[in-house]
Amino acid sequence: MPEERRNSHSLAWLAVLYAGLIALPYALSYSQQEILVFTTINVLLVMSYRLLTLTGEWSLGHVVIMGCGAYASALASKALGLPVPLSMLIGGVIAGLIAWALSYPLFRMKGFYFLIGSFAAGEIIRLLWKRFRDPFGGPKGIKRIPDLGTIEIGGFTIDFYEPVTYYYVALAVVSVSLFILWRIERSPIGLTFHAVHWQDKLAESVGVDTRRYRIQAFVIASFFAGISGALLAHYVGTINPNRFNVEEMVYVLTWAIVGGTATFYGPILGAVALIVINDILLRELGFDQLRPMFYGLILICSVLFLPKGLESLVPRISRLVRRGNHNPSPPKVQPQEGAE
Amino acid sequence: MLELLAQTALNATYAASYIALVAVGLVLIFGVMGVVNFAHGELYMLGAYAVVALYADAGFPFFLAAAVGLIFVGIVGIGMERTLFRPLRDNPLGGLVASIGFLLILQSLASVWFGVRMEHIPPSTQQILRFSDSVSLPVQRLYVIVGAVILLTALWLFLKRSRFGWALRASAQDPEAAALQGISINQTARIAMFIGAGLAGVAGALTAPLVRTFPYMGHSVIVTAFIVIIVGGVGSLEGAVLAAVIYAFVHTFVTTFFDGVIADIVGLSLMLLVLIVKPTGMFGTADRA
């Protein structure tokens, strides 16, 4: 297929997708709309995590970094009185800066040691929130975080406290962020991230400072994690240290592993599929207590039986579909079946 | 002041005992199989619930319940080896992720069977050893200390003297060479998993009347165990025991003189410092991760 035709093809698909996403909240109940907002925020979280995994490092502190963004944004808007959109941006920047500071000790480690080191660093930050009532609010966290408020345009009042309107805000922010993440991955920096992961000795031998690129990926990933945290904070209005504990991290890890991280859509697939099953199906069927077990089983099954994630199914399925569509002479079994 | 120090040292010795049991098991599993078992804290929790079910609810003797806890959790460990770690042997990160999945399953099962409320287990003995007016050691705690010393000595003798122990250490050092010598990797992995899990289980069982037993109790245990194995050196049993003692003393003293959260922060910082300065820990040599 020529490049241009393929591009217009995928643009058309993207337009269809967004039309669906914009219409989606009207097909859902109020509580499902709320889950939709969280899902949108979590998509950004897991996608920022994917950028970090591109360089081959798996962190267990990413949710705490998200919390850094949430706390920073909440404090900037509540204690300093800054406008909410500005404090969200500050949340992202602070998360990135904290990651930058942490990267100096953490990137002396690799593999399992990085995993444990990032966990330790995250727990220390979380315990600091817990310990220091001023300004972090201690175990109870920060309450009454300012929301986006209401704006009036030509007689219409738009209330950003409503899930549907907040969903559109989150969708816009997340879309822009994902576009930036996508451009980064396609840029020379992104290709270097891949090289750092798969060929780090080779990359070093041609003069690539692999540590510098690992740090870059970590800081950029943390910035977007911080943005997702800020989106969360100004929606729920209350944040506390437990909201960013290691259990939440396990969920993010599960989304990334179940979806797969080789493609751009893998983690989105994983997050959306699991959140829909977990929060909508299981909750409404009344299996609340068994939901961690569901995550556990899914995690084990996907490591054992689908180690490349859900994304590895997509080419296979699309190949099947394409064979069905484009084959001028379909297999002879089917017409016979139809004739009988 | 001296008495406070003595009392805190006694408390630290008790903490060091059960932490050492948990951490040594974790190190053994890592050494032989190369897998970081995140579900180790939940194995501890299972051991504690064995005592809840058999001793507190069914009325069996405390030590019988603890022994059953050891064997039961050891068998769960063998099951984990067979279903999770053996198929994922060539994929260390896979084993780690699978153990996280297993952790969630065990937590859910415990909360479904026993509920999420905290269990109050009556102590099996009310006796208290009094050394002076303000220095004392409940016999219940002494059980944990004595149990840890006996079990760890037995493990040490087993590893150094018996044929199985030789095989275990050989496959920890070099699995391929060990396999070439006719040592069954599956067999040694099974034994290591039984011992490692069993030690976590018996630690949970022995401490059950002294701590709050609830489905999520494994979290703080696994964090502590990780700190200990990193500080001691990943893969070193002696290092794990020594680090357990150091950690327990630091943590108990900081808790006594400051507060618990600060003690947790100090512990984690200690681990981070070791990771930065000397990632192989005090005794570690192997770098299998």
Side-chain angles (χ1 to χ4, degrees), chain A residues 53 56-58 60-61 102 104-132 138-139 241 245-247 249-251 253-254 256-258 287-305 307, chain B residues 30 34-36 38-39 42 80 83-84 87-88 91-109 111-112 115-116 215-216 219 222-223 226-227 229-230 234 258-277 279-280 287-289:
Chain A
T53 64
E57 299 300 349
W58 290 75
L60 281 184
L102 286 179
Y104 284 91
L106 287 184
F107 281 102
R108 297 172 65 99
M109 311 159 197
K110 276 176 84 172
F112 164 66
Y113 293 100
F114 179 80
L115 194 85
I116 291 295
S118 61
F119 171 71
E123 278 295 293
I124 291 174
I125 294 175
R126 227 169 57 80
L127 289 173
L128 290 175
W129 294 336
K130 221 174 200 172
R131 180 66 176 66
F132 292 101
N245 65 12
V246 73
E247 253 164 71
M249 186 63 231
V250 169
Y251 289 157
L253 198 69
T254 313
I257 286 171
V258 170
F287 294 124
D288 236 6
Q289 243 177 347
L290 292 178
R291 292 193 299 149
M293 175 146 37
F294 161 75
Y295 262 83
L297 281 175
I298 287 281
L299 200 53
I300 288 174
C301 290
S302 78
V303 190
L304 284 177
F305 307 118
Chain B
F30 180 79
V35 175
V36 182
F38 265 74
E42 275 55 39
M80 285 175 77
T83 54
L84 302 179
L88 294 167
N91 179 358
L93 189 68
L96 186 153
V97 171
S99 76
I100 294 180
F102 195 65
L103 167 174
L104 294 173
I105 294 176
L106 288 181
Q107 279 183 354
S108 291
L109 286 178
S111 60
V112 169
V116 287
Y216 307 105
H219 176 70
I222 191 71
V223 174
F226 275 137
I227 296 174
I229 68 167
I230 294 285
V234 179
F258 297 93
D259 66 64
V261 178
I262 295 277
D264 287 346
I265 294 177
V266 169
L268 288 162
S269 309
L270 195 68
M271 163 157 94
L272 214 50
L273 191 72
V274 170
L275 279 172
I276 295 163
V277 179
T280 49
D287 186 4
R288 287 183 58 176

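Below, chains carry the letters A, B, ... as their sequence lines are ordered, and counting in each starts from 1. Both backbone and side-chain heavy atoms feed into the values below; hydrogens, waters and symmetry mates do not.
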Fill in the blank from the handout: Given B/L109, B/I262, B/L103, the one with more heavy-atom pairs under 4.5 angstrom with chain A than any other is B/I262
Practice task
Would you mind checking which part of B/F102 comes under 4.5 Å of any heavy atom in chain A, side chain (CB onward), backbone (N, CA, C, O), both or neither?
Solution key: both
Completion exercise
If one checks every heavy atom of A/Y104 against chain B at 4.5 Å, the contacting part turns out to be neither
Exercise for the section: Could you pull out the closest heavy-atom pair between B/M271 and A/A120, with the gap in Å? Expected result: CE-CB, 3.4 Å
Handout entry: Minimal non-hydrogen separation, B/I100 against A/V250, with atom names
Key = CG2-CG1, 3.5 Å
Handout entry: For the student: nearest non-hydrogen atoms of A/L299 and B/G101, plus distance
Key = CD2-N, 3.7 Å
Handout entry: Heavy-atom contact with chain A under 4.5 Å, split by part of B/T83
Key = backbone
Exercise for the section: With a 4.5 angstrom heavy-atom cut-off, could you sort out which part of B/I230 is near chain A: side chain, backbone, both or neither? Expected result: side chain
Handout entry: Between CZ on residue B/F38 and CG on residue A/L60, distance to nearest 0.5 Å
Key = 5.5 Å
Practice task
Mind running side chain to side chain contact (heavy atoms under 4.5 Å, CB included) on A/L115 and B/V36 for me, showing each step along the way?
Solution key: CA-CA 11 Å; A/L115 194 85; B/V36 182; over 6 Å; no
Handout entry: Side-chain touch B/V223/A/V246, heavy atoms, less than 4.5 angstrom
Key = no
Problem - From A/I116 atom CD1 to B/L272 atom CG, the distance as rounded to the nearest 0.5 Å - result: 11.0 Å
Exercise for the section: Count the heavy atoms of every other residue, nucleotide or ligand shown that sit under 6.0 Å from OH of B/Y216, and state whether that count exceeds 12. Expected result: yes
Handout entry: Toward chain B, the part of A/L253 with a non-hydrogen atom under 4.5 Å
Key = side chain
Practice task
State, with a plain yes or no, whether a side-chain heavy atom of B/D259 is found less than 4.5 Å away from one of A/R131.
Solution key: yes
Completion exercise
Of all heavy-atom pairs linking B/L104 and A/P292, the shortest is CB-O, 3.4 Å
Exercise for the section: Go through the structure and list residues passing side-chain hydrogen bond (donor to acceptor under 3.5 Å, both in side chains) with A/R108, not counting sequence neighbours. Expected result: none
Exercise for the section: Kindly indicate whether the side chain of A/W58, heavy atoms from C-beta on, has any atom under 4.5 Å from the side chain of B/V97. Expected result: no
Handout entry: Rounded distance [0.5 Å steps], CD in A/E123 versus CG in B/L268
Key = 6.5 Å
Fill in the blank from the handout: Ranked by heavy-atom pairs below 4.5 Å to chain B, first place among A/S302, A/P105, A/A121, A/G296 goes to A/G296
Exercise for the section: Can you tell which part of B/L88 gets under 4.5 Å to a heavy atom of chain A, answering side chain, backbone, both or neither? Expected result: side chain
